[in-house]
Amino acid sequence: MAEELKKLTRRVQRVEGGKGVEGLNYKDLCIQPDVELLEDKNEQIRMKLFMQSLTGDTLSWYISQNLKKWANLVSMASDFMDRFRFNTENVPDVFYIQNLKKKPTETFREYATHWRSEAAKVRLPLEEEQINKFFVRAQDPQYYERLMVIENHKFSYIIKLGERIEEGIKSGMVTNFEVLQATNKALQS
C-alpha cells in the first residue's frame, strides 16, 4: 500500500511540476505505518485531484460548497453527479451539429473550432470524413458551395479555405448570399 502511494505521489508531482498535491505532504503520507491512516490520506489525494481537475461551471459549483459535508470521495462524487448528470445525458447529436450555425460575431476560425469541439462530444464518435461532411453541410451557401469540393481533405484545410472565403466576403470579392437575399426582399417590398 505504501509503495502504491509513493508511485501515485510521484506521478502527481510529475504532472504538477514537482510541487506535489497542494495541502498534502509527501513525508506525512509515506512515513505513517498505520494502514487506516494511509487509506485516509489516499482518499484525500483522490479528493484533491478531483477538485484540481474542475474548471468553469464545475469549479464554481465546487467553490460554493461546504467541504465538510463530504466524508469521502464517494459522497463528493455523488453530489457532483447529482448536479452535473445532465451533461452526460444531454450530449450533442448529429442533428445538433448539422444545425450549429456561425454567429455574425464569430470569425470562421472561432466558429470552426467551436463546431469541432461540439462534434467531438457526439456519442458514437464520428470518423474524420463524417465530421468534415457534416461541417461543410452546416455552412451557409456562400461557404458550402466552395467548401464542398474539399470536404475529403483535412479539417485544417477546410478552416483555411473558410477563412479565405470570409476575407473574400469582407472585401467584396465573394458574394454574400444573405446580403443579396435581404437586398432582393427589400427591393420587392
Side-chain angles (χ1 to χ4, degrees), residues 7-8 10-19 21 46 49-63 77 80-189:
K7 287 179 185 177
L8 177 62
R10 282 193 295 265
R11 284 193 350 220
V12 169
Q13 287 174 335
R14 278 196 302 269
V15 168
E16 295 203 353
K19 296 177 186 174
V21 179
R46 285 191 225 121
L49 289 173
F50 174 77
M51 182 259 328
Q52 290 179 354
S53 71
L54 302 177
T55 59
D57 291 339
T58 57
L59 182 59
S60 297
W61 166 82
Y62 179 84
I63 290 170
F80 178 83
M81 286 307 294
D82 288 345
R83 173 71 177 186
F84 294 101
R85 181 170 283 116
F86 73 91
N87 287 334
T88 61
E89 297 166 353
N90 190 27
V91 294
D93 58 7
V94 172
F95 181 75
Y96 170 76
I97 62 170
Q98 282 180 316
N99 292 305
L100 192 60
K101 299 294 183 189
K102 180 180 168 293
K103 297 174 187 162
T105 57
E106 284 181 309
T107 66
F108 188 83
R109 179 173 289 274
E110 290 169 339
Y111 164 68
T113 303
H114 174 246
W115 189 96
R116 178 73 174 184
S117 71
E118 290 297 311
K121 297 175 189 173
V122 171
R123 284 271 170 82
L124 292 188
L126 300 170
E127 298 290 325
E128 186 73 20
E129 289 177 12
Q130 292 173 309
I131 289 172
N132 293 351
K133 286 180 182 180
F134 286 133
F135 179 72
V136 169
R137 289 177 189 161
Q139 302 309 306
D140 292 329
Q142 66 267 20
Y143 287 93
Y144 175 77
E145 71 178 24
R146 291 167 178 87
L147 292 176
M148 66 184 249
V149 296
I150 66 161
E151 72 181 13
N152 294 328
H153 287 75
K154 290 185 176 181
F155 196 76
S156 60
Y157 294 149
I158 295 172
I159 292 174
K160 287 177 185 175
L161 181 56
E163 288 178 316
R164 288 186 185 142
I165 295 167
E166 182 177 51
E167 283 302 313
I169 291 170
K170 287 179 183 175
S171 67
M173 299 296 285
V174 173
T175 305
N176 185 338
F177 291 119
E178 293 171 351
V179 172
L180 195 60
Q181 286 175 342
T183 305
N184 192 20
K185 283 184 181 179
L187 290 173
Q188 288 177 355
S189 42

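Quick caveat: nothing in here was measured; it's all calculated off a predicted structure.
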Validation row: Tyr111, Gln139 side chains within 4.5 angstrom (heavy atoms):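 Yes, side chains in contact.
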
Minimum heavy-atom distance between [X] and [Y], given as atom pair plus value:
X      : Y      : answer
Trp115 : Ile131 : CH2-O, 3.3 Å
Arg146 : Val149 : O-CG2, 3.2 Å
Asn152 : Lys133 : OD1-CE, 3.9 Å
Gln130 : Glu127 : OE1-N, 2.8 Å

- prompt: Which is it for Ile150 and Ile158 under the side chain to side chain contact (heavy atoms under 4.5 Å, CB included) test, yes or no, and what are the steps along the way?
  reply: CA-CA 7 Å; Ile150 66 161; Ile158 295 172; 4.0 Å; yes

Report the distance from atom [atom1] of [X] to atom [atom2] of [Y], rounding to the nearest 0.5 Å.
X      : Y      : atom1 : atom2 : result
Thr58  : Arg83  : OG1   : CZ    : 10.5 Å
Met51  : Ile63  : CE    : CD1   : 9.0 Å
Ser156 : Leu161 : OG    : CG    : 11.5 Å

task: Any chance you could lay out the salt bridge (Lys or Arg N to Asp or Glu O under 4.0 Å) test for Glu128 and Arg116, step after step, and finish with the verdict?
output: CA-CA 11 Å; Glu128 186 73 20; Arg116 178 73 174 184; 3.1 Å; yes

Residue list, ring-ring contact (aromatic ring centres under 6.0 Å, His included) with Tyr144, at least two apart or on another chain: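 With neighbours one apart ignored, the set is empty.
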
N/O donor to acceptor pairs below 3.5 angstrom from side-chain atoms of residues 94-105, sequence neighbours left out:
| unit_1 | atom_1 | unit_2 | atom_2 | d |
| --- | --- | --- | --- | --- |
| Asn99 | ND2 | Phe95 | O | 2.8 |
| Lys101 | NZ | Ala138 | O | 2.7 |
| Lys102 | NZ | Glu106 | O | 2.9 |

query: Would the number of heavy atoms belonging to other residues, nucleotides or ligands and lying under 6.0 Å from CG of Asp57 be above 12?
result: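 Open: at most 12 neighbouring heavy atoms sit under 6.0 Å from CG of Asp57.
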
task: Can you establish whether the number of heavy atoms outside Tyr157 located under 6.0 Å from its atom OH is more than 12?
output: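 Result for OH/Tyr157: open.
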
message: By the salt bridge (Lys or Arg N to Asp or Glu O under 4.0 Å) test, which pairs, at least two apart or in different chains, include something from residues 148-160?
response: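 For residues 148-160, and leaving out neighbouring residues, there are no salt bridge (Lys or Arg N to Asp or Glu O under 4.0 Å) pairs at all.
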
message: Tell me if a side-chain donor or acceptor on Glu118 pairs with a main-chain N or O of His114 at a distance below 3.5 Å.
response: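 Not at all, since once roles are kept as given, no pair shorter than 3.5 Å links the two residues.
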
query: How are the rings of Tyr143 and Phe108 set relative to one another: parallel (under 30°), tilted (30 to 60°) or perpendicular (over 60°)?
result: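 Plane angle under 30°, so parallel.
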
query: Could you walk me through whether Leu54 and Phe80 pass the side chain to side chain contact (heavy atoms under 4.5 Å, CB included) check?
result: CA-CA 11 Å; Leu54 302 177; Phe80 178 83; 3.8 Å; yes

